[in-house]
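If you read the sequence from its start, that first residue is 1, and numbering goes on from there.
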Amino acid sequence: MKTVMIVDDDPGHCANLIDILEMEGYQALSAGTVTEALSLARDSWPQVALLDQKLPDGTGTGLLASIKKMNPECYCIIITAHADLASAVAAMDEGAYCYLRKPFRLEELLGLLERIFEAIRLKEQKRQAERALRESEEMLAGIINAVADAMMMINERGEVVWTNEMAKKIFGQNADGEKFFRVIYRRPEPPEYCAVRKCFADGRQHDMEVQFTNIEGLDQNFWCTTSVMLRDGDGKPKRVVLVCRNTTEKKGLEAQVMRNAQLAALGELAAGIAHEINNPINGIINYAQILIDQQGEGAEDSGIPSRVIREGERIASIVNNLLSFARDRKDEREIVSVRDILHEALDLTQTMLKKESIRILLNADDELPLCQASFQQIQQVFLNIISNARYALNQRYPGYDQDKILDIRLETTEKNGVDYVRISFLDHGTGIPKSLIDKVCNPFFSTKPMDIGTGLGLSISYGIVKDHGGELWIDSREGESTSVVIDIPAHCQEDR
């Protein structure tokens with residue numbers, strides 16, 4: 001409703017104006033004094049006030065100042081029969097919209113009110129548009145900052161002009177205004193394969209996978225997409241948006257899926273090999289035993305059949321290692337002490353370790369929880385890791401050296417509310433090249449010469465640990481050290 005307040009000490013004049021304004025669709029209110037006007041203004045909050053300059057208890061100019069202080073949005077018009085330049089200037093200084101001289105023409109007043117309420121309507125439209133724009137910007141900013149991808153806008157000079165919160169988190173808070181290649185590549189110039197560079201060159205979208213170093217110094221894989229956001233009059237890109245999606249975890253999961261698929265395929269292959277090889281090997285061993293029995297234990301030629309038996313048993317042992325991929329031995333698991341398994345593995349290897357001048361440093365927590373595991377399988381994992389450490393230490397230190405040490409630690413750790421027994425093996429041997437770390441657990445992959453390693457040991461160990469619900473990972477620095485860490489879930493007390 002369009003509300004107009006009339007303040008005049010002439011009741012007849014007020015009544016006439018009210019009738020006219022109400023006929024024109026306005027809501028008209030009236031007051032005869034400054035006191036009444038202020039009370040009415042507080043209650044009705046008028047949009048326009050017609051103020052007579054001379055009132056019984058004050059002036060229209062003084063009342064105007066009080067109304068504007070109360071309601072700055074109110075349009076105040078001073079009406080007087082004694083207007084001069086000084087009073088007009090004083091009224092305008094107090095914030096009057098304009099002033100009218102009595103007597104005024106009705107068309108003049110109605111035209112003035114029409115202009116005022118049109119200005120009020122436009123101002124309200126602008127206010128609503130600004131509010132809608134602000135809400136839209138806040139919503140858009142919220143959506144963009146909630147996206148898990150890093151996003152940045154880059155201008156034709158290669159400068160970062162905007163980044164979302166994820167980009168700030170990955171590449172630093174002070175990226176805006178910097179050259180994008182210094183921010184994301186840490187280089188003085190963009191590389192040839194840079195998707196942003198190609199996007200500015202041909203104006204088309206480009207995708208690429210690249211490894212960036214984040215603010216914490218960690219190398220992470222990102223899938224990057226560039227799109228043109230703004231073009232100039234000639235159609236050349238002026239703004240390009242770069243979206244970087246962190247695929248480090250995804251690539252790790254893909255590698256894990258591929259590794260599991262390889263292990264599953266190898267398990268099927270192992271089962272077939274066992275079926276095809278075990279029977280003839282068993283026959284060879286039996287025939288060799290028959291020859292020994294016929295010749296007698298002390299016969300001159302009994303050594304050859306004995307060697308045949310030993311070699312046959314070695315082949316059978318290799319087949320059994322392959323079968324570790326295919327067999328489900330969960331029914332063989334029992335409540336065991338990982339400390340006892342490790343001690344037995346070290347007992348089996350201590351003679352060779354001592355002969356090769358390899359020292360064992362063993363540190364174990366006093367209170368280690370028990371685990372539900374296969375004693376033989378976990379022992380096989382430990383023996384394989386110890387064997388690999390022996391080889392690496394002997395390669396770096398062929399003879400005695402004070403650093404020829406295998407450091408083994410047993411401790412309790414917690415992940416996601418679950419207790420684990422952590423076994424860490426650290427040797428200062430030859431290490432593993434960074435490019436091969438992700439491959440060493442693949443079946444048939446080995447860093448050893450062909451006549452020494454089969455590439456099955458770590459693959460089998462990895463599969464055993466995963467089958468026990470644990471984790472095995474390797475950290476290595478070429479020429480310095482290799483650390484193999486195993487986490488095996490502790491046995492829950494309530495399950496006993």
Side-chain angles (χ1 to χ4, degrees), residues 1-6 21-29 38 40-51 63-78 91-100 107-157 159-168 173 175-177 203 205 225-243:
M1 178 65 76
K2 301 175 182 178
T3 305
V4 179
M5 181 177 69
I6 305 163
L21 292 177
E22 287 182 346
M23 290 176 59
E24 294 294 328
Y26 297 102
Q27 180 185 16
L29 310 169
L38 289 175
L40 185 62
R42 276 191 294 267
D43 294 338
S44 60
W45 212 255
Q47 295 160 292
V48 178
L50 304 178
L51 310 177
L63 175 59
L64 180 150
S66 299
I67 291 175
K68 294 295 285 187
K69 186 176 181 180
M70 183 189 308
N71 178 13
E73 297 290 324
C74 183
Y75 286 79
C76 295
I77 301 170
I78 298 294
M92 301 302 286
D93 287 344
E94 291 294 338
Y97 179 71
C98 65
Y99 72 96
L100 293 175
E107 294 81 0
E108 183 181 4
L109 174 62
L110 294 179
L112 182 58
L113 290 177
E114 185 177 348
R115 290 194 299 275
I116 288 174
F117 279 102
E118 177 63 16
I120 291 173
R121 186 184 68 82
L122 293 175
K123 185 182 293 185
E124 181 59 25
Q125 279 187 347
K126 180 182 178 182
R127 187 180 292 116
Q128 290 177 357
E130 290 174 345
R131 186 186 306 117
L133 178 61
R134 184 168 57 254
E135 291 174 353
S136 176
E137 289 175 344
E138 290 173 354
M139 181 176 67
L140 182 60
I143 292 172
I144 290 175
N145 287 324
V147 172
D149 300 338
M151 304 174 67
M152 63 174 61
M153 188 186 302
I154 302 163
N155 64 21
E156 68 271 28
R157 295 187 299 276
E159 299 166 342
V160 178
V161 295
W162 172 86
T163 52
N164 71 344
E165 290 302 316
M166 183 56 68
K168 288 182 172 68
Q173 295 290 331
D176 292 356
Q205 176 178 315
T225 299
T226 55
S227 301
V228 177
M229 181 181 180
L230 182 67
R231 298 178 186 272
D232 61 16
D234 297 329
K236 296 179 181 179
K238 293 188 67 177
R239 297 285 190 278
V240 163
V241 173
L242 173 67
V243 180

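Atom CG of Leu109 is separated from atom CG of Leu100 by 6.5 Å, given to the nearest 0.5 angstrom. The line from CD1 of Ile154 to CZ of Arg239 is 11.0 Å long, rounded to the nearest 0.5 Å. Residue Leu110 holds its CG atom at 5.0 Å from CD of Glu24, rounded to the nearest 0.5 Å. Atom CG of Leu21 is separated from atom OG1 of Thr3 by 11.0 Å, given to the nearest 0.5 angstrom. Remark: Arg42 CZ to Ile67 CD1 distance equals 10.5 Å, nearest 0.5 Å. Here the straight-line distance linking atom NZ of Lys2 with atom CD1 of Ile120 works out to 9.0 Å at 0.5 Å rounding.
Shown here for Leu38 and Met70, the closest heavy-atom pair between the two residues is O-CE, 4.0 Å. Taking each heavy atom of Pro237 and Gly203 in turn, the nearest pair found is CG-CA, 3.7 Å. The nearest pair of heavy atoms linking Met1 to Gly25 is SD-O, 4.1 Å. Contact detail for Ala96 and Ile78: the closest heavy-atom pair is CB-CG1, 4.2 Å. Here the closest non-hydrogen pair linking Ala167 and Met151 is CB-O, 3.5 Å.
Checked against salt bridge (Lys or Arg N to Asp or Glu O under 4.0 Å), Glu124 has the following partners two or more places apart in sequence or in another chain: Arg127. For Arg115, the salt bridge (Lys or Arg N to Asp or Glu O under 4.0 Å) test picks out no residue, with sequence neighbours left out. Legend: residues meeting side-chain contact (heavy atoms from CB on, under 4.5 Å) with Asn71, ordered by chain and number and at least two apart, are Trp45, Glu73, Cys74.
Between Tyr75 and Tyr97, the ring planes are perpendicular. Angles over 60° get that label, and only those under 30° would be called parallel.
No side-chain heavy atom of Ile116 sits under 4.5 Å from any side-chain heavy atom of Gln47.
Of the possible polar contacts, one joining the Asn164 side chain to the Asp149 backbone as a donor-acceptor pair under 3.5 Å is found.
Environment of CD in Gln205: crowded, with over 12 heavy atoms of neighbouring residues, nucleotides or ligands closer than 6.0 Å.
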